[in-house]
Amino acid sequence: MRDSRRVLASVRDDAPVVPALAPGAKAWTPVYIVASPRPQIGKTFLARLVTDFLQLDGGTVEAFDLNPDATALADFRPGLTTRSTLDGTEAQMALFDRLIAPDGIAKVVDLGHSSFERFFTLVEEIVFVDEARRRALELVILFPADAHPASIKSYGKLLQRFPHTILVPVFNEAILKGRKLREQYPFGRAAAVPLQIPILAPVLRSHADRSTATFADFHGRLPMEIPIGHAFELRSWTKRAFLEFRELELRMLLEKLRASLK
């Protein structure tokens with residue numbers, strides 16, 4: 001707890017509180033946490049997707065990689081990703097100082113499964129959700145769903161621990177392989193409607209992993225190093241995937257507008 005108090009003091013250290021904006025304006029900046037207690041369930045792939053989506057139309061995004069393994073977010077998006085750790089108070093303060101900064105820059109955290117419990121314990125202990133909202137930040141947890149009991153149990157615990165946080169189950173068809181898990185991943189608010197990520201054919205996934213282009217690039221121009229047919233298929237797939245994130249943002253905005261009218 002002594003270390004947590006130091007992190008909390010750092011978060012609260014005279015940081016400016018963002019004033020309310022005019023009705024209709026985007027008065028919040030998202031902090032996306034892509035998290036699961038289990039490995040090999042498409043978490044880093046999902047982090048890549050949301051990072052590239054936030055870059056669309058010139059958006060600014062800062063990403064953090066908390067994976068001890070290779071082939072993580074920092075390897076795919078090195079120009080905007082910082083490798084981070086929760087080992088020690090100084091490292092924790094450095095991470096949460098950036099996440100809480102009211103600078104208008106969207107944040108994405110690719111949270112390694114080995115850091116899952118420690119990260120959310122810190123979020124709870126330093127009252128991160130409340131401090132974030134004082135700065136017009138919105139914490140959004142993207143939780144890759146799978147059928148393993150550990151995932152289902154951890155999702156339920158997050159619902160209980162953070163009832164006022166947007167916790168969104170993500171159903172990736174490549175991971176679920178046709179299994180129906182809606183009942184195992186309930187949600188209680190409109191902004192937390194599950195996301196559906198369409199399956200990406202292995203040959204297209206291979207091109208996406210090897211190419212220097214981002215998914216945002218596929219959404220716009222077509223990379224020359226990929227065969228034209230596959231490039232068009234990737235563009236079509238990316239537009240479908242990005243539509244899920246666009247609709248999530250719209251649901252969040254509508255929820256905030258309704259709350260302001262009340």
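The basis for the numbers below is simple: all heavy atoms, side chains too, and nothing from hydrogens, waters or symmetry mates.
- In terms of modelled atom types and a separation under 3.5 Å, the side chain of Gln184 and the main chain of Ile152 share no donor-acceptor contact.
- Between Tyr185 and Phe171, the ring planes lie perpendicular to each other; the angle is over 60°, past the 30° to 60° tilted range.
- Side chains of Glu62 and Leu80 form no contact here, defined as non-hydrogen atoms less than 4.5 Å apart.
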Salt bridge (Lys or Arg N to Asp or Glu O under 4.0 Å) assessment of Glu131 paired with Arg134 = CA-CA 5 Å; Glu131 292 298 322; Arg134 292 180 60 241; 3.0 Å; yes

Take Arg77 and Asp52 through the test salt bridge (Lys or Arg N to Asp or Glu O under 4.0 Å) and record every step on the way to the result.
-> CA-CA 9 Å; Arg77 302 294 179 263; Asp52 292 351; 2.6 Å; yes

Under the salt bridge (Lys or Arg N to Asp or Glu O under 4.0 Å) rule, what do Arg161 and Glu117 come out as? Steps first, then yes or no, please.
-> CA-CA 12 Å; Arg161 293 169 71 180; Glu117 184 57 37; 3.2 Å; yes

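- Judged by the 6.0 Å distance and 45° axis criteria, Arg48 is positioned over the aromatic ring of Phe76.
- Between the side chains of Ser236 and Arg240, no donor-acceptor pair is found at a separation under 3.5 Å.
- Glu244 places a side-chain N or O within 3.5 Å of a backbone atom of Gln196 that can act as its donor or acceptor partner.
- Between Asp130 and Arg135 no salt bridge is recorded (no basic side-chain N to carboxylate O distance below 4.0 Å).
- Checked against the 6.0 Å centroid criterion, the rings of Phe119 and Phe96 qualify as a close aromatic pair.
- Ser206 contributes no side-chain N or O that, together with a main-chain N or O of Pro202, makes up a donor-acceptor pair within less than 3.5 Å.
- For the pair Leu234 and Leu200, the tightest heavy-atom approach, listed with the atom from each and the gap, is CD2-CD1, 3.9 Å.
- Between atom CZ of residue Phe116 and atom CD1 of residue Ile33 there is a gap of 11.0 Å, rounded to the nearest 0.5 Å.
- Two residues are said to be in side-chain contact when any heavy atoms from C-beta on lie closer than 4.5 Å; Leu95 and Leu99 meet this criterion.
- Other residues, nucleotides and ligands contribute over 12 non-hydrogen atoms within 6.0 Å of the CZ atom of Arg182.
- In this structure, the ring of Phe215 has its center less than 6.0 angstrom from the ring center of Phe45.
- Asp65 places no side-chain N or O within 3.5 Å of a backbone atom of Thr82 that could act as its donor or acceptor partner.
- The CD1 atom of Ile105 sits 9.0 Å away from atom OG1 of Thr29, with the distance rounded to the nearest 0.5 Å.
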